[in-house]
Every structure is written in C-alpha cells, then in structure tokens.
Amino acid sequence: MVIRRIELTDFRNYERETFELSDGVTAVTGKNAQGKTSLAEAMSYLATLRSFRGAPNEVLVRKGCDSAYVRADIRQEDGREILVEAEINRMGRNKVLVNKQRLQRVRDLLGIVRATVFSPDDLALINDGPSVRREFMNDALVALAIKNDALCAEVDRVVRQRNVVLKQANGRVTDEIAMTLDVWDEKLAELGTRLGDARARLVAQLGPHVLTAYEALAGMPTPVELVYEPEWRRPGLAAAIAAARPDDVRRGVSTVGPHRDELEIFLKGMPAKTTGSQGECRTLALALRLAVHRLVTETAGEAPLLVLDDVLSELDNDRAAALLGHLPAGQVIITTAGTLPPAARPDTVVTIADGTVVRSEEHTSELQSH
C-alpha cells in the first residue's frame, strides 16, 4: 500500500495543501510548529480513525471551521487505485467515503490504510501506566485483523455497563442487582477471555520480532522479554469475576478483566520501566513499533506506511543510523526540524512553513552530497 497523494483542508493549521509522496522515502522538513506532525497525524488518522497524539476531533479542525477533510489517493499492492475521503466534524458524526461511496460505519475503513507511527511520545510505552500498553496491544490486534476492533469495543461496552450496575448497587447486592450482574458477568467472561487469548497470541508472536529489532538498533545482543500473564487466566475469567464480585460491589467498579491487564517488558531480566536508561527505553519503544510493523507486513502481505515523526532528534547518532539502516521495505515518511542524517537517503524532500509547502524536490545523489 502506498499513499501517492494526500490533501488536507482545514486540518490543524492547514487551510488547504496537497502533498505528492514518494513510493520510497519522503522527508518532510521545516522549523518547529509548521505542520510536520500534523501531516503525520492526518496520514495515521486514515489508518486508525483517531489522532496518534490523543487529540479529540475538535482539535483536528482548523480554528474557525466546522469540519476538516483528509483526502488520499492510495495504490494497493495489487495495483488498485483507491480514493479515501475523511470528513472530521467539530460536532456530530464523522463521514468516510471510499471511491465516492459512503461507508455505513467509519470502522469499515480499517484495513484499507495501514500505518505505523514512531514519535517521541512512544517513550510512554515503557514509562507510563498499564493502560498505554493495553492500548498498544489492542491497536496491534486491530491492525492484524479488523474484527478485533469490534471485540475491543464490545469488551469496553460490557465493562462500562457492568460498572453502572455496580454503582447502582451502592454497596448492597439485592436479588435484582445479582441477576443483572450475572448477565454482565457472563458477557464479560466470554468476551474478555477471547480478548485475553488474542493478546496472549499477539505477545507470543511479537516477542522474537522485538528481540531482533532491539538488538539491531542497540548493536549488541540484549535479552528482551514480553510477558502477558494476567492472574485471571489461571482460574479462568468467569471464576475470577465471581471471586471478585464482593470487592467489586464494595468499590463500585470492575476490578478483574482485560481492562485491567498489564504487559510487562523486561530488559536484561529486569523491568525496563524501572531499570532501563532513557536511551534503552527509547530503543525498546522503537523495537515494539518495528515488531508490530513487521508482524502486520507478514500477516497482511504488504507493508504499512511507516512514519518517523521527529524521532531522529531523540536518538544518538549510532541509534539513528541503526534505525535508518534497518527500516523495513515500503513507503516511509520522515519528519524533522533538524538536518537529515546521510543514512536517511530520501527520494523526495518536502519543506513546510506555516502549513504550506514552500519547496518539494526529488532528492538526487547530488543533493544528498551537499
């Protein structure tokens, strides 16, 4: 899959701009706060239907406007040309067209566009709380199979409904409350087990890819281990939910299930979060993203778009060169406010200033030498 052309209208700081992208490496340069990350955000939005920066829809729409538009000409691996048009509304439902046909559910866009985004915020994958790593696992599952999006959404819905009943109980279990909880407990046990099993398979598949990617980036053999072993998987989720009911009623919240799970990450046999240096943790975060990218490539049979958003400035020279030297095949977008390292070797260089393309050129070997 290749995004050949992308047009932004009233998206972030863009009034209207069009970008012609290389099939290989496109470098997007410019000073800070000119729109480089917003371009990366627009491209990844088409793959996930949300901002990788966690921004709500209204923030994506340019100030003073009601809607933003992202249009992309995409060439699939089999040569098919697809036009994707996303309308992001400040208020109300968003809309997506594929080849001028409206999708009944915007979720149906998933799988048409795939993207892997590296950003400085990826350090949160290692250093922040368990919810970040749960989201990482769920996003990877959706990238691997569209059906997992519905599974994740249904688990979230069931947990929310169960929590409503727990709050209504106000610490006391009446016959009516018990009967209602029985219904939601059964649903949570069934769906939660399916999600937990999918995560366990994912982590088992990712492990070798993470190890390979980390050692390539670090330039040395380093033990890396991913562990997903929630306590509820030993007795089974149904039994764990039943055992936790008294505590859940007392606290008014569901304390057991995939919504509370943790993905543990070990480096050299120790928890990376508490013992890894910043350089090691950043390398590990990159290795996680690369591992998902390679697994999706293997599963889908084509490489997702790879976006490196201002990542090179966060790495030392050796790790930056290692990352660029081990990029997987496929379309790559690199954004930077600094000087591109020689190893970047872009096919096209686009320069942005204040939401406008001020220069776009093929980057020949002669240009690279200067």
Say whether N89 and S67, considering side chains only, have a donor N or O and an acceptor N or O under 3.5 Å apart.
yes

Do Q278 and L123 touch side chain to side chain, with heavy atoms closer than 4.5 Å?
yes

Inspect the surroundings of CD in E58 and state if more than 12 heavy atoms from other residues, nucleotides or ligands are less than 6.0 Å away.
yes

Does Q76 CD have over 12 foreign heavy atoms under 6.0 Å away?
yes

From V159, V165, N163, residue fulfilling side chain to side chain contact (heavy atoms under 4.5 Å, CB included) relative to W184
V165

Hydrophobic cluster (4.5 angstrom, side-chain heavy atoms) - remaining members for V227
F266

Could you check Q168 against T180 for side chain to side chain contact (heavy atoms under 4.5 Å, CB included), going step by step and ending with a plain yes or no?
CA-CA 11 Å; Q168 290 173 344; T180 307; over 6 Å; no

Any side-chain heavy-atom pair of S44 and V307 under 4.5 Å
no

Nearest heavy-atom contact between V70 and I6 is CG1-CD1, 3.9 Å

How about CD on E231, more than 12 heavy atoms from neighbouring residues, nucleotides or ligands closer than 6.0 Å, or not?
no

Considering all heavy atoms, the nearest V117-R289 contact:
O-NE, 3.5 Å

Output yes when a side-chain donor or acceptor of E302 lies under 3.5 Å from a complementary backbone atom of M1, and no otherwise.
yes

Chi angles and distances behind the side chain to side chain contact (heavy atoms under 4.5 Å, CB included) call for L315, L286:
CA-CA 10 Å; L315 303 173; L286 288 170; 3.7 Å; yes

Which atom pair, heavy atoms only, marks the closest approach of W232 to A240?
CB-CB, 3.7 Å

Could you list the residues that satisfy ring pair (Phe, Tyr, Trp, His ring centres under 6.0 Å) with Y14, not counting sequence neighbours?
F19

Taking the side chain as every heavy atom from C-beta outward, state whether L8 and L39 have any atom pair closer than 4.5 Å.
yes

Name the one of L83, D73, L21 that satisfies side chain to side chain contact (heavy atoms under 4.5 Å, CB included) with R5?
D73

Looking only at non-hydrogen atoms, find the nearest pair between G30 and K36 and report the distance.
O-NZ, 3.1 Å

Ion pair present between R233 and D197, side-chain N to carboxylate O less than 4.0 angstrom?
yes

Check: T29/T351 side-chain N/O donor and acceptor closer than 3.5 Å:
yes

Work out which heavy atom in A287 is nearest to a heavy atom in L217; give both atom names and the distance.
N-CD1, 4.1 Å

Nearest-0.5 Å distance that lies between atom OG in S119 and atom CD in E41
10.5 Å

